[in-house]
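Note sheet for the following structure.
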There are 2 protein chains.
Amino acid sequence: MAAKRSGAQSKRSHRKKTDAPPRSEPPLSLERIVATAVELLDAQGVDGLTMRQLADRLGSGVMSLYWHVDNKEGVFDLALDAVLEYRGPPQIVEAQDWRTAIIHMLEDWRGSMLRHPWSASLLPSRTLGPNILGRLELLSKTLSGAGVTDADMNVAIWSLWNYVMGATITRASFDRSDDDMDAAQQRLTSLSAHYPTIERTRLLLDNDWDGVFRNGLDFLLDGFAPRPGGVGAPR
Amino acid sequence: MAAKRSGAQSKRSHRKKTDAPPRSEPPLSLERIVATAVELLDAQGVDGLTMRQLADRLGSGVMSLYWHVDNKEGVFDLALDAVLEYRGPPQIVEAQDWRTAIIHMLEDWRGSMLRHPWSASLLPSRTLGPNILGRLELLSKTLSGAGVTDADMNVAIWSLWNYVMGATITRASFDRSDDDMDAAQQRLTSLSAHYPTIERTRLLLDNDWDGVFRNGLDFLLDGFAPRPGGVGAPR
DNA sequence: TCATCCTATGGTACGATGTACGAGTCAATC
DNA sequence: GATTGACTCGTACATCGTACCATAGGATGA
């Protein structure tokens with residue numbers, strides 16, 4: 001279960017922080033641990049996060065971490081949710097239609113994950129933290145306001161979720177290895193006898209990922225809650 | 001580098017299987033290694049595959065594996081591609097329209113991954129093996145025949161890929177932990193003040209995953225290549 | 001004042017993992 | 001008989017998560 005956590009640390013005491021840097025790290029706290037974990041994950045990827053490295057960066061002993069955190073899984077959960085906060089659409093957008101609001105939230109979601117590429121592949125296999133639940137709630141509420149019935153709601157939400165997750169995970173893992181993609185496309189070329197079509201369209205190169213994302217999203221939204229004007233496929 | 005691989009193994013000799021374990025296992029081979037790895041992954045999940053366990057099941061020493069395989073990553077790559085073979089649609093379907101063919105292939109793809117739940121989350125981060133490339137080629141060729149231009153092709157393919165991957169990864173990880181989902185929904189109920197809408201629609205329970213998948217897929221396909229009778233947006 | 005307790009830290013140690021290294025076996029070939 | 005190349009595997013090591021336990025210091029009560 002959850003280790004006890006200091007709700008409030010009144011203590012400021014005589015920690016000199018401002019002058020000499022020699023010995024004095026600030027005390028451990030959940031916030032510092034999570035923030036440092038995110039740094040480490042951003043810098044080194046999922047495999048780069050080890051409890052020892054984390055402790056090193058925090059200037060603490062390894063086992064001290066375990067007073068604040070259950071185990072390494074817990075660090076992942078917290079780092080993940082930390083990265084998925086949503087502050088809501090800007091004022092300008094707020095008054096606009098539901099479709100704009102939804103697209104804003106989903107693109108922000110995707111953007112947040114791509115800024116921390118380790119997060120995308122982590123999310124599906126982990127218990128849903130408050131920030132994700134908040135996004136799902138917002139999505140539900142907005143769709144509900146747009147006329148989607150409760151009966152159709154879960155289908156709509158999960159389809160959108162699936163789409164966002166797939167797009168983001170794919171993009172994030174290809175992102176990490178552009179060289180690999182080049183190599184793969186080269187390999188493809190040498191095998192063009194077997195894969196003529198995808199070789200011809202250069203499937204593995206030069207893709208407009210943002211455009212792809214937006215495009216498919218439009219189709220899905222059209223399907224769930226058609227636009228009045230019945231606009232077709234843009235582009 | 002790839003280790004050398006025995007093209008032919010003449011030795012068949014005497015195979016015992018499960019009774020006395022003394023000496024007589026069949027010789028190692030890539031095929032046997034991959035098949036056993038898949039068994040192990042199916043039984044224990046991604047974390048359950050260790051080189052030692054794999055060797056145990058094969059009745060060999062751990063290091064013997066490394067003559068056939070570069071490293072553990074290689075085992076993953078091979079197991080993954082092994083699971084993704086596609087034999088094509090049955091004869092009855094073959095003559096039918098492109099839409100049926102595509103849906104058949106994508107549902108088969110999803111089905112294969114769900115039969116081996118570890119495979120879905122592995123796929124995006126790994127180099128594309130021949131079986132996956134084959135599926136992509138088939139998809140391209142079919143869409144091309146359906147009138148999708150080369151310019152629109154990559155957008156269509158990647159949207160479908162994203163959707164299939166997202167749906168399958170999500171389903172596979174929820175699948176593994178129905179209890180967790182119950183627990184999550186319970187937690188949700190206790191927090192219904194914060195998440196009233198998703199609590200009301202019981203988002204985390206009782207979902208018709210197959211239906212969701214098929215539904216969103218229809219919307220996407222309508223978007224890319226509208227049906228003549230046209231439910232979706234005209235282009 | 002001292003004794004006690006809670007919060008918080010971290011050293012040591014253990015079992016598990018992937019795999020480098022190099023010695024071993026055996027059949028085919030010269 | 002000697003050599004070679006395909007294949008097997010025991011040993012050893014670095015690295016990981018973390019259980020266990022000793023410790024320190026402030027707060028509290030006597």
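- The side chain of B/Ser64 places an N or O atom within less than 4.0 Å of a non-bridging phosphate oxygen (OP1 or OP2) of D/dC9.
- Between the OH atom of A/Tyr66 and the P atom of C/dT9 there is a distance of 15 Å, rounded to whole Å.
- Between A/Asp108 and A/Arg87 there is no salt bridge, since no side-chain N of the basic residue sits under 4.0 Å from a carboxylate O of the acidic one.
- What separates CE of A/Met63 from P of C/dA8 is a distance of 16 Å, to the nearest Å.
- Atom CD1 in A/Ile33 sits roughly 11 Å away from atom P in C/dA8 (whole-Å rounding).
- Atom CG in A/Asp56 sits roughly 11 Å away from atom P in C/dG11 (whole-Å rounding).
- Side-chain atoms of A/Thr170 and B/Trp161 form a donor-acceptor pair, as typed in the model, at a separation below 3.5 Å.
- The aromatic rings of A/Trp158 and B/Trp209 sit tilted relative to each other, their planes meeting at an angle between 30° and 60°.
- Following rounding to the nearest Å, B/Arg52 (CZ) and D/dG10 (P) show an atom-to-atom distance of 12 Å.
- Side chain of A/Glu85 to backbone of A/Asn131: no donor-acceptor contact under 3.5 angstrom is found.
- In this structure, B/Trp67 places its CH2 atom 22 Å from P of C/dG18, rounding to the nearest Å.
- Look at CG on B/Asp47: it is 10 Å from P on C/dG18, rounded to the nearest Å.
- Backbone-only contact: B/Leu49 has heavy atoms under 4.0 Å from sugar-phosphate atoms and none from a base.
- Atoms CG (B/Leu54) and C1' (C/dA16) sit 16 Å apart, rounded to a whole Å.
- For B/Leu28, the side-chain atoms get nearest to D/dT8 when compared with the rest of D/dC16, D/dT8, C/dT17.
- Put simply, B/His68 has a side-chain N or O that comes within less than 4.0 Å of OP1 or OP2 on D/dT8.
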